[in-house]
Every structure is written in C-alpha cells, then in structure tokens.
Amino acid sequence: MTQPLMVLADANSFFASCERVFDPSLARKPVVVLSNNDGCVVARSAEAKRLGIKEGTPWFSIREEAQRTGVVARSSNYELYASLSARMMSVMSRFMPGQEIYSIDECFLSPSTDARQTVRVSTAMRKAVLEGVGIPVSIGIAPTKTLAKVANHWAKRHPASGGVSLWTDIEQQYGDAALAEIPVSDIWGVGRRLTKKLQAMGIVTALDLQRQDPVSIRHRFSITVERTVLELNGIPCIAGDASANDGKRKSEILCSRMFSTPITDMAHMDQALSVYAQKACRRLRRQSSLCSHVSAFCATSPFGPENSYQSFHGTTTLHDPSDDPLIIAKAACQALHGRADPHARYIRAGVLLLGLQDANDFTTLHGFEAKRDTHNLGAIIDQANQKFGSSRVGIGYGGIRGKGRGDEDTGATWTMRREMLSGRCTTRWDEMAVAHAD
DNA sequence: TCTGGGGTCCTAGGACCC
DNA sequence: TCTGGGGTCCTAGGACCC
C-alpha cells in the first residue's frame with residue numbers, strides 16, 4: 001500500500017485572475033487588486049509581481065509610479081470573487097474525493113489513487129478549471145499538507161512543471177537542495193514572529209527546520225510548530241477542519257472595517273457599530289446560531305505620531321443567547337460605552353459575536369428560553385434586502401442608503417471607498433459582461 | 001490626505017470545585 | 001489561623017493563515 005497523498009490546488013493571483021475573466025483587455029497587463037477603502041495591494045498578477053510590487057503595499061505610496069508603468073488597479077469585488085470561487089470549487093470536487101475548502105482560492109483534496117494517476121487527474125482538473133471557469137490554478141501533491149504547500153509553490157515558481165508538482169519527484173531530482181533553497185519564513189505555519197525566533201537559533205531554511213528534533217521544538221515553541229516539523233518529514237499530523245464545526249458553522253463571527261474618514265464622536269461610533277452588528281447578526285442567523293457574548297472594539301491609527309495609538313474593547317454578556325438584531329446591536333454599543341475615549345480619532349471598529357451555539361439544539365428550562373428574534377425582525381429585514389437590494393432596510397443608520405453602488409454604502413461619511421470597482425458579472429443582471437462582434 | 005477583513009488554534013493564568 | 005493537590009472551565013492574548 002502506498003502512502004496516502006494530499007493535493008493542494010491554489011489559484012494563481014486569484015483576485016487578479018478573476019478581474020481578467022470578464023475583461024480580456026487586462027491579459028498580460030500588470031493588474032493589482034486593492035483592499036477595502038482602496039487601502040493596500042492584496043493581489044497582484046505575475047506581471048505586477050515582476051514590477052516589484054509587494055503584497056500589502058499601501059496604494060497611495062505607489063499610485064503615481066504604478067500608473068506611469070501601466071499598472072491597472074481594481075477595488076476588491078468580493079461578490080465576483082465568491083461566485084467564481086464557488087464555480088472553481090465545484091469543478092474540482094468532481095475530480096477527486098475529500099475536498100476541504102481552505103480559503104476562497106484554495107482547497108485540499110484526498111485522492112485515493114497512486115502518485116502517477118494523481119498527477120494525471122490533477123493535470124486534467126487544472127485544464128477543466130482553466131477552460132470552464134477561466135482561472136489558472138497550481139497544484140502540489142505530497143504526503144502531507146505542509147509539503148503539498150511546498151510543492152504548490154514549486155509549481156508556481158517553475159513554469160516547466162505545467163502547474164502540477166509532485167513532491168517525491170522534486171525530492172528525487174534535487175535532494176536536500178530543494179528544501180535548502182526555501183527560506184523558513186515561506187513554510188506554512190511560520191509567520192513573522194516565529195521566523196525571527198527561529199533565525200536567532202540558526203534555523204534559516206526549510207531544511208534547517210525539517211532537521212530539528214520535534215520534541216524540543218514543542219518545548220521551546222508549541223505543539224503547532226512541532227507539527228510543522230513532523231509534516232516536513234512526511235508525517236501527516238494536520239487534520240481536516242471538518243470535525244469541530246461540522247464543516248460549515250463558524251465558532252465566532254467578526255465584522256470590522258476601517259473608516260474612509262475618521263470617526264470622532266460616540267454618536268457616529270454607535271451608528272457604525274450598529275451597522276456592523278447587523279451584518280454579523282445576518283451571518284449568525286444564516287448558520288442558525290445564537291450568541292451569548294457580544295464584543296466591540298475601536299482603534300485609532302497605528303501610523304500616527306509615536307504613542308498616539310489607542311484601542312479599546314469591551315464585551316457584553318447577554319442574559320439569554322440571542323439572534324435578535326435589536327438586542328445584539330444594542331449590546332455592541334453598550335460594550336464600548338464608558339470605555340472608549342469619546343474624543344479620539346477612530347479609524348476602525350468592529351463587532352465580534354462569541355459563545356455561539358446551535359439555535360436548534362438550544363433547550364433550557366421553561367421560562368428561560370433564548371431571546372430569539374421574536375418579531376422575526378431580522379428575517380424580515382433579510383427578505384426586504386434580498387428583494388430590493390442590500391442596505392435598503394435596517395435598524396437605525398443601517399437602513400439609510402447613499403447614492404453609491406456599493407452594498408456597504410449607507411450614505412454616511414465613514415463608509416468605505418471603492419473607486420475602481422469592476423462589474424459583478426456573474427451575480428447581477430444589470431452588470432453582466434457585454435461581448436461585441438465586429 | 002491616504003496602510004484590509006475574517007477567521008482558527010494554542011497557551012497561560014485565574015476562578016472554582018472537591 | 002493555618003492550609004495541599006489536582007482537576008475543569010473560562011478568558012485574554014498571541015500567533016498564524018489567506
């Protein structure tokens with residue numbers, strides 16, 4: 001019996017590739033996609049990477065230079081990306097069993113075939129996604145998830161691989177040199193902090209990390225890093241995430257945003273918190289959960305003068321678990337009252353729902369039932385927004401819609417900026433792509 | 001002038017119980 | 001007034017991911 005394999009399929013420059021699907025004029029051009037508020041670069045096409053544009057770069061700091069060199073920028077269009085992601089995942093799920101959707105643009109699959117056959121199926125799968133959805137993906141195949149990640153990066157960096165890499169082939173061909181050329185910071189699970197600590201110990205490459213003693217690594221760091229070491233040695237120990245939340249249900253729900261212009265008084269802060277609470281609450285109901293704690297936080301800019309950064313957070317415990325937008329919005333505002341400095345210049349805030357439990361399983365003594373959304377207010381708001389367009393109806397400021405096209409646009413000055421938004425071609429009739437035949 | 005958003009897992013430490 | 005050890009549960013905070 002051969003060792004079971006993991007397959008990792010990951011789209012190339014996913015957001016930028018999505019922008020190209022319905023706008024062929026972007027082909028071969030450097031394309032960048034910006035975060036909310038058109039803040040910083042979150043995705044780059046290969047051409048943009050070649051120009052040296054780094055992920056996370058603030059857009060304002062490179063805008064002039066970028067425009068001079070022909071870079072095309074787009075605001076992030078999550079509705080389009082989510083729709084293309086669903087198509088891509090659906091196509092791939094037909095090729096191999098055990099799909100585990102890890103993020104919007106990547107999934108793990110658990111093939112039951114041997115290595116050669118898995119390579120063949122992966123190649124066919126890649127072709128089907130490219131032709132059927134228009135998105136290029138790269139595929140890494142290895143005995144563990146961490147090595148599948150490594151193989152996937154390999155496929156992306158080496159065009160000769162045809163977009164599909166098998167770890168054992170790489171190992172046979174290059175031996176230790178393959179891991180020796182990968183900086184430890186590129187390994188899945190090794191972030192900025194950990195990189196620093198590892199480097200201080202002389203662990204600089206993936207090969208250095210692979211050769212560590214797992215037990216002493218656990219003592220010095222944590223069980224998470226120990227798993228990474230084992231996985232680099234071909235021992236699978238990162239399980240699927242299906243167990244805890246039956247695949248779909250979140251264990252906490254966060255809605256937070258940066259403001260396009262700062263908020264400097266608590267009345268506006270309450271508006272924002274109420275809007276975010278309602279968004280979070282909609283997701284809570286969609287997964288039919290109740291929450292028992294509502295947290296809220298707000299913060300000033302971390303880029304201001306030295307020592308000027310301020311952040312505040314608080315939590316309200318609900319008397320009874322609830323999914324009622326009135327109760328939750330009120331609790332969110334209450335969580336910050338008396339805690340936040342009312343005169344600071346806030347640039348972001350958020351609402352976090354905690355203590356989530358299944359609404360259908362919730363039972364208690366008579367007289368102590370959950371404070372459900374008894375007037376069905378949440379459901380009615382959801383329906384109205386579905387029928388007439390989002391942000392048409394809501395509690396307090398959440399129902400006031402401005403002139404902009406964005407769903408987020410409530411007309412308030414603090415809502416986000418998306419000035420370079422492409423069409424939502426796959427989800428809105430009035431924004432469909434138009435083809436011309438000359 | 002202008003720097004994202006949504007999530008998970010792990011650990012340490014405190015509260016509480018017997 | 002003194003006072004042990006072991007367990008569980010919860011929370012806050014850190015670190016990571018894309």
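Treat the numbers as computed from the prediction; the structure is a model and nothing was measured. First the proteins, then the strands, lettered A, B, ... as listed; each starts at 1. Computation of the quantities below employed the complete heavy-atom set of this structure, encompassing side-chain atoms and omitting hydrogens, waters and symmetry-equivalent molecules.
The nearest whole Å value for the distance from the CD atom in Glu226(A) to the P atom in dC9(B) is 18 Å. Residue His293(A) contributes atom NE2, which lies 9 Å from atom C1' of dT11(C) at whole-angstrom precision. Atom CZ of Phe108(A) and atom C1' of dT8(B) are 14 Å apart (whole Å). One can place CG of Leu356(A) at 12 Å from C1' of dG7(B), the figure rounded to the nearest angstrom.
Sequence neighbours left out, the pairs with a member in residues 218-238 of chain A that pass salt bridge (charged side-chain N to carboxylate O under 4.0 Å, His left out) are Arg218(A)-Glu226(A). Here salt bridge (charged side-chain N to carboxylate O under 4.0 Å, His left out) pairs that include residues 49-71 of chain A, with residues two or more places apart or in two chains, are Glu65(A)-Arg68(A). Sorted by first and then second residue, the salt bridge (charged side-chain N to carboxylate O under 4.0 Å, His left out) pairs with a member in residues 337-353 of chain A form an empty list; sequence neighbours excluded.
Salt-bridge formation is not detected for the pair Glu131(A)/Arg126(A): no Lys NZ or Arg NE/NH1/NH2 atom is positioned less than 4.0 Å from an Asp or Glu carboxylate oxygen.
In terms of the ring pair (Phe, Tyr, Trp, His ring centres under 6.0 Å) criterion, Trp59(A) has no residue partners (sequence neighbours excluded). For Asp23(A), the salt bridge (charged side-chain N to carboxylate O under 4.0 Å, His left out) partners are Arg74(A), not counting sequence neighbours. The salt bridge (charged side-chain N to carboxylate O under 4.0 Å, His left out) check on Lys197(A) picks up nothing, with sequence neighbours excluded. Residues forming a salt bridge (charged side-chain N to carboxylate O under 4.0 Å, His left out) with Asp10(A) (at least two apart in sequence, or on another chain): Lys156(A). Every salt bridge (charged side-chain N to carboxylate O under 4.0 Å, His left out) that Arg211(A) has, sequence neighbours left out, goes to Asp176(A).
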Interface polar pairs with nucleotides 1-6 of chain B, N/O, under 3.5 angstrom:
residue, atom, partner, partner atom, Å
dG4(B), O4', Ser35(A), OG, 2.9
dG5(B), OP1, Met258(A), N, 3.0
dG5(B), OP2, Met258(A), N, 3.0
dG5(B), O3', Arg257(A), NH1, 3.3
dG6(B), OP1, Arg257(A), NH1, 2.8
dG6(B), OP2, Ser256(A), N, 2.5
dG6(B), OP2, Ser256(A), O, 2.8
dG6(B), OP2, Arg257(A), NH1, 3.4

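Base-pairing analysis of DNA chain C finds the following stems of at least three consecutive Watson-Crick or G-U pairs, with both pairing distances under 3.5 Å: B:5-18 with C:5-18.
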Heavy atoms under 4.0 Å is the rule here; annotate nucleotides 13-18 of chain C 5' to 3' with B where the base is hit, S where only the sugar-phosphate is, and - elsewhere.
S-SSSS

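Backbone-only contact: Arg227(A) has heavy atoms under 4.0 Å from sugar-phosphate atoms and none from a base.
Closest approach of Ala180(A) to Thr205(A), counting heavy atoms only: O-CG2, 3.3 Å.
Between dG4(C) and dC16(B), the distance separating the two C1' atoms is 16 Å to the nearest Å.
Within 6.0 Å of the CZ atom in Arg157(A), the count of heavy atoms belonging to other residues, nucleotides or ligands exceeds 12.
Listed by residue number, there are no residues of residues 132-143 of chain A with a heavy-atom contact under 4.0 Å to DNA chain B.
Using modelled atom types, no side-chain atom of Thr57(A) and backbone atom of Ile53(A) make a donor-acceptor pair closer than 3.5 Å.
Taking the six-membered ring for Trp, Phe297(A) and Tyr346(A) have ring centres at least 6.0 Å apart.
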